[in-house]
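Worksheet: the structure to be examined is printed underneath.
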Amino acid sequence: MDQSGVTAEARKNPWGSVGPAAPTCPLTEVMSEQLATQLDEENSSFSAVSSPEVDLLLEDGPDTTSDLMLAQMLQMQFDREFDDQLRREERKFNGDSKVSISFENYRMVHPYEDSDSSEDEVDWQDTRHDPYRADKPQTTPRRGFSGKGKNITTKHDEVTCGRKNTARMDNFAPEVQVGDGLGMDLKLSNQVFNSLKQHCYSEQRRSARLHEKKEHSTAEQAVDPRTRLLMYKMVNAGVLENINGCISTGKESVVFHADGGRLEEQPVPGEVVLKVFKTTLNEFKNRDRYIKDDYRFKDRFSKLNPRKVIRLWAEKEMHNLSRMKKAGIPVPDVVLLKKHILVMSFIGKDHIPAPKLKDAMLSSEDMKTAYYQVLQLMQQLYQECHLVHADLSEYNMLWYQEKVWLIDVSQSVEPTHPHGLEFLFRDCRNVSTFFQKRGVAEAMSVYELFNAVTGLNVPVGAEDEADFMSEIVALEKRNEDHIQKRGKKTFPVTSEDGGPPLKPDTDD
Ligand code: ADP
Ligand code: MG
């Protein structure tokens with residue numbers, strides 16, 4: 001501290017008054033200043049390994065008092081221990097669960113910020129860190145040597161090189177065990193380092209291959225990392241409170257139960273389901289015709305890569321659900337569509353999903369009620385929504401609050417789809433067979449049901465299925481010709497565009 005300047009200033013004072021004597025510097029202050037310097041030094045070696053945020057915290061400038069610094073260091077130590085504990089709890093909490101919950105937000109020290117807040121997909125391959133690229137600049141000057149005269153040290157110097165190689169082991173992938181060599185003054189020759197590096201490369205490739213296989217196989221039962229990330233983001237954004245567990249794993253989708261969170265534009269139900277359309281494409285290949293020939297999606301289908309086709313399925317389910325909802329058909333409410341994940345309201349209560357019609361234990365009276373509801377649903381679907389479910393069966397109808405609810409409508413098409421009426425006929429067969437088997441005497445035959453739903457008077461005749469089918473195919477053909485005459489349709493369509501097929505007697 002420069003006290004002399006202060007006293008000189010006081011003497012020059014034009015008012016002639018003598019300034020107060022300069023305070024003597026107490027010993028404790030001198031001691032604390034020394035302590036501060038000492039801590040500063042310790043701190044600089046500390047900050048070399050600390051995170052950027054912590055550095056910022058500690059680089060408070062020369063005014064930092066020792067107490068503050070000590071407090072900060074203690075706090076940091078505390079935070080680290082807290083984070084370690086949190087990490088252990090996170091690991092324990094998640095266990096082998098397929099969906100893991102991150103405790104990241106509760107951490108005190110955040111060494112890595114999630115840079116991917118954008119909507120873009122994270123390409124896992126691209127973001128992979130190259131472990132062999134030196135992060136730090138070379139310490140040898142550009143000219144390739146340092147020192148003078150006989151003390152000259154070139155970049156090829158065995159000791160420098162050896163130490164540098166040892167330090168570079170730090171850049172190996174985290175799973176590579178490098179022992180405690182890093183802490184020692186170990187000099188690795190280029191030859192040894194290179195073979196180590198080579199070994200790591202091949203190990204990493206091997207493990208990546210294994211990992212990839214594992215991911216693919218788990219995707220059969222649950223979801224892949226991309227999907228997990230999307231689901232995690234939904235929780236992080238507060239749309240979902242919690243993802244609880246898997247309700248069903250089908251061929252084309254995995255359905256999860258979750259607790260609803262908040263969305264700005266609309267209320268989110270307390271219980272929701274996430275329908276994750278599978279990104280393994282094998283099963284979808286044979287479903288192409290549901291979407292390829294659906295003129296609403298036709299133009300887009302041909303231009304898309306397979307992953308985007310999956311998203312189209314989710315989108316299709318969303319559109320179909322909305323259309324049905326508008327007509328008053330009991331279906332889940334759409335909450336959100338995010339890529340290939342559709343969030344919708346949960347049909348059921350307290351984590352217990354409503355039973356499928358196949359599993360519902362209904363009295364004969366209720367079964368009869370259910371039948372008439374299904375008949376009405378099918379008529380409404382066809383005549384008001386201009387849709388054919390195309391996968392209607394006791395597996396895709398739920399029984400909840402004395403009502404039949406329709407689900408699984410991603411494959412639903414308009415009746416004017418080139419195979420729409422064939423799909424409807426199949427639906428009718430499933431419905432009629434199911435209710436007849438369950439003893440509903442009023443259940444119509446498949447032919448009667450088809451005519452009752454469509455209002456088409458396809459002659460039933462001798463009830464020969466082949467005859468009936470050829471009538472249906474002929475109708476589909478007439479419709480297709482008619483559509484072609486009317487011109488190409490584009491998505492989305494108004495209800496007028498998507499009207500039911502022409503009646504056999506319609507003059508076109
Ligand atoms: P998939 O195409 O795999 O058959 P679904 O939409 O039929 O997919 O869903 C599979 C199962 O998940 C259903 O049988 C039903 O038990 C359950 N499920 C689907 N959606 C809901 C929902 N909104 N509420 C309750 N359970 C549902
Ligand atoms: Mg289903």
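For ligands, and for the atoms within them, numbers begin at 1 and follow the listed sequence. Keep in mind it's a predicted model, so treat the numbers as computed, not measured.
- Using a cut-off of 4.0 Å between Lys/Arg side-chain N and Asp/Glu carboxylate O, Glu465 and Arg429 are scored as salt-bridged.
- The Phe346 neighbourhood of ligand 1 comprises atoms 24 (N), 25 (C), with distances under 4.0 Å to a heavy atom of that residue.
- Considering each of Ile352, Leu342, Ile347, Val272, the one bringing a non-hydrogen atom nearest atom 25 (C) of ligand 1 is Ile347.
- Near Asn396, meaning under 4.0 Å from one of its heavy atoms, ligand 1 places the atoms 7 (O).
- Residue contacts with ligand 1, taken as heavy atom pairs separated by less than 4.0 Å, involve Asp408 via backbone and side-chain atoms alike.
- In the vicinity of Lys356, heavy-atom distances shorter than 4.0 Å reach the ligand 1 atoms 14 (O), 16 (O).
- Every atom of ligand 1 is numbered from 1 in the order shown, and the set under 4.0 Å from a heavy atom of Ser345 is 22 (C), 23 (N).
- Counted by atom type alone, Gln85 and Arg88 present one or more donor-acceptor pairs between their side chains at under 3.5 Å.
- Every residue two or more places apart in sequence or in another chain was checked for a side chain to side chain donor-acceptor pair (under 3.5 Å) with Asn430, and none qualifies.
- A distance-only check finds a donor-acceptor pair linking the side chain of Asp427 to the backbone of Ala390 [under 3.5 Å].
- Listed by chain and number, the protein atoms of type N/O/S under 2.8 Å from the Mg ion (ligand 2) are Asn396 OD1, Asp408 OD2; waters are omitted.
- Heavy-atom contacts of Val255 reach the following atoms of ligand 1: 9 (O), 10 (C), 12 (O), 19 (C) (cutoff under 4.0 Å).
- A donor-acceptor contact shorter than 3.5 Å links the side chain of Asn320 to the backbone of Ser412.
- Counted within 6.0 Å of CD on Glu265, heavy atoms from surrounding residues, nucleotides or ligands total more than 12; the atom is thus considered enclosed.
- Below 4.0 Å from some heavy atom of Lys275 lie the following atoms of ligand 1, by number and element: 2 (O), 5 (P), 6 (O), 8 (O).
- Within a 6.0 Å radius of NZ in Lys368, other residues, nucleotides and ligands contribute 12 heavy atoms or fewer.
- Ring orientation note: the planes of His417 and Phe423 are tilted relative to one another, at an angle of 30° to 60°.
- Within the listing of ligand 1, atoms 23 (N) sit less than 4.0 angstrom from a heavy atom of Pro332.
- The closest donor-acceptor contact from the side chain of Lys275 to the backbone of Val254 lies at 3.5 Å or more, if one exists at all.
- Considering both main-chain and side-chain atoms, Ser253 comes within under 3.5 Å of ligand 1 through a nitrogen or oxygen pair.
- Each of the following atoms of ligand 1 lies closer than 4.0 Å to a heavy atom of Ser248: 10 (C), 11 (C), 12 (O).
- Between the Tyr382 side chain and the Thr454 main chain, no donor and acceptor come within less than 3.5 Å of each other.
- A donor-acceptor distance shorter than 3.5 angstrom exists from the side chain of Arg323 to the backbone of Cys385, with no hydrogens or angles considered.
- Annotation: Ile247 places no N or O atom under 3.5 Å from an N or O atom of ligand 1; distance criterion only.
- In this model, a donor atom of one side chain and an acceptor atom of the other lie less than 3.5 Å apart for Asp224 and Thr227.
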